[in-house]
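First the structure, in the form of structure tokens, and then the observations on it.
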Amino acid sequence: MPPVRQGGAVPYGRQQHAVHPAPQPAPQRPSRPRARVRWVATVPPGALPPRRQVRAERYSGPPGYPAPPRWGFPNLVWRSPTAVPGTASGAARPMQRLVLLARNVSGLLWILATIALIAAGAEVWRYVLLVQSRNSALSTSVVATSDMLVLIASMLAFVLGTFGLAGTVWWLFVARAAAAEESGAEPARPAWQVLLGTVVPGPNLVLAGPILAELEHAVLRRPVGERPRPSRLVLAWWGAWVANGLLLVLMVVWRTRDGVQAQADGVLLNTLVDLSAVALTVLTALVVGRFTRLLAPIGELSAGQRPPRVLDVTGAPAPRRPRRPATAAR
């Protein structure tokens with residue numbers, strides 16, 4: 001007989017599994033904030049020898065040296081970190097060199113104009129003495145003084161003219177670089193053409209005017225593709241430049257002639273050369289001053305004019321000193 005259990009019969013060949021209740025989750029305890037612990041290692045007392053206390057010395061006055069010391073701070077004022085000598089940033093920009101160079105060249109040109117005017121006056125005095133010698137005898141001292149004045153004025157005009165030409169050409173190259181830096185465009189001509197057109201006799205009579213007109217075009221910030229239109233000042237300078245060059249050539253050719261009348265005519269020709277040199281020098285000084293004022297209007301001040309001063313600043317943020325690069329040299 002099949003087994004009989006309490007609670008009902010179980011068929012043969014089948015098993016009955018006991019049904020257990022589902023496990024209930026354990027009750028969670030309220031979380032507490034975990035305390036942060038910081039471990040600090042200290043030296044146990046007595047492990048290190050005690051420090052020796054140094055007694056403060058009494059002040060006995062400033063130090064004395066048997067000879068002037070060779071150390072110390074340099075004897076200069078405070079400067080910006082970007083103007084440290086010996087670095088690439090320490091070199092002067094073309095605009096800064098232009099102002100200083102223009103001031104020196106202008107002063108030299110005005111002195112040259114004065115010397116050339118004195119030389120022209122000496123030539124006129126010599127011509128007057130030649131006219132007077134036709135009817136009367138001349139004093140030896142007067143003739144010697146006239147000859148000495150002509151010689152000294154001519155030599156000074158030649159020397160100052162050489163320095164003036166070199167300084168003006170140098171100013172021209174610096175002005176071209178400053179105008180190119182200001183406008184961001186390359187100059188119209190390479191440097192060798194500018195040197196050929198200003199120094200070499202013959203080509204300089206033809207190329208000096210266009211070179212100066214191109215510089216004026218760049219200084220006035222006109223479009224690069226536009227054709228340069230020279231101003232009246234540039235045209236007057238070009239005319240004086242050509243006239244002075246032609247008169248110099250004529251004077252050299254005229255000196256090869258012989259005769260009293262040729263010598264008298266040579267004196268008049270020398271006077272014209274000196275007067276043309278005066279006009280050319282004055283126009284050159286005006287061109288240098290005008291172009292420099294257009295490029296750097298604050299740097300070029302007229303005589304007797306004081307530079308502006310900052311008296312008060314309102315509404316501006318507090319100035320901050322720029323950070324010095326770690327690779328900058330002292």
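These figures come from a predicted structure and were not determined experimentally.
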Between side-chain atoms of residues 52-63 and protein atoms elsewhere (two or more places apart, or another chain), which donor-acceptor pairs fall under 3.5 Å?
none

| request: List in chain and number order the residues that pass salt bridge (charged side-chain N to carboxylate O under 4.0 Å, His left out) with D147, two or more places apart in sequence or in another chain; answer none if no residue qualifies. | output: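 Here the qualifying residues are R126.
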| Pairing residues for R255 by the salt bridge (charged side-chain N to carboxylate O under 4.0 Å, His left out) criterion, not counting sequence neighbours |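 Listed in chain order: nothing, the list is empty.
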Please say yes or no: joined through hydrophobic side-chain contacts below 4.5 Å, possibly via intermediate residues, are [X] and [Y] part of one cluster?
X: L129; Y: V124; answer: no
X: V174; Y: V199; answer: yes
X: V159; Y: L112; answer: yes
X: V287; Y: L220; answer: yes
X: W125; Y: V143; answer: yes

Under 3.5 Å, sequence neighbours excluded: what are the donor-acceptor pairs made by side chains of residues 115-123?
none

Using a 4.5 Å cut-off between side-chain heavy atoms of Ile, Leu, Val, Met, Phe, Trp and Tyr, which other residues end up in the same hydrophobic cluster as [X]?
X: M155; answer: L151
X: W192; answer: L196, V200
X: L268; answer: Y127, L130, V131, V267
X: L247; answer: L248, L250, M251, W254, L269, L272, V273

| message | So does Q132 get a backbone contact from the side chain of S136, meaning a donor-acceptor N/O pair under 3.5 Å? | response |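 Looks like yes, one N/O pair under 3.5 Å.
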Separation of [Y] [atom2] from [X] [atom1] (nearest 0.5 Å):
X: L294; Y: E216; atom1: CG; atom2: CD; value: 8.0 Å
X: I111; Y: S106; atom1: CD1; atom2: OG; value: 11.0 Å
X: E181; Y: L295; atom1: CD; atom2: CG; value: 10.5 Å
X: T114; Y: L156; atom1: OG1; atom2: CG; value: 12.0 Å

Would you say that [X] contacts [Y] through its side chain, given a criterion of any heavy-atom pair below 4.5 Å between the two side chains?
X: V150; Y: S154; value: yes
X: Q193; Y: L207; value: no
X: F291; Y: L98; value: no
X: R290; Y: S231; value: yes

So which heavy atom on [X] is nearest to which on [Y], and how close?
X: T284; Y: L280; value: OG1-O, 2.6 Å
X: G197; Y: I211; value: CA-CD1, 4.1 Å
X: P230; Y: L235; value: CG-CD2, 3.7 Å

| request: Would you list the pairs meeting salt bridge (charged side-chain N to carboxylate O under 4.0 Å, His left out) in which at least one residue belongs to residues 228-240, sequence neighbours left out? | output: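 Checked against salt bridge (charged side-chain N to carboxylate O under 4.0 Å, His left out) - neighbours excluded - the pairs reaching residues 228-240 are E226-R229.
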Can you list, pair by pair, the side-chain donor-acceptor contacts under 3.5 Å of residues 163-171, counting residues two or more places apart and other chains?
unit_1 : atom_1 : unit_2 : atom_2 : d
T168   : OG1    : G164   : O      : 2.7
W171   : NE1    : T292   : OG1    : 3.3

| field | CD/E186: more than 12 non-hydrogen atoms of other groups inside 6.0 Å | value |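 For E186, atom CD is not crowded (no more than 12 foreign heavy atoms under 6.0 Å).
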| query | What residue pairs, at least two apart or across chains, pass ring pair (Phe, Tyr, Trp, His ring centres under 6.0 Å) with a residue in residues 193-239? | reply |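 Listed by first then second residue: W237-W241.
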| said: I'd like to know whether T281 forms a side-chain contact (heavy atoms from CB on, under 4.5 Å) with W110, so could you lay out the CA-CA distance, the side-chain angles of the two residues, the decisive distance to 0.1 Å, and finally the verdict. | reply: CA-CA 7 Å; T281 307; W110 286 111; over 6 Å; no
| query | What pairs of residues pass the side-chain hydrogen bond (donor to acceptor under 3.5 Å, both in side chains) test when at least one of them lies in residues 243-252, not counting sequence neighbours? | reply |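 The answer is N244-S276.
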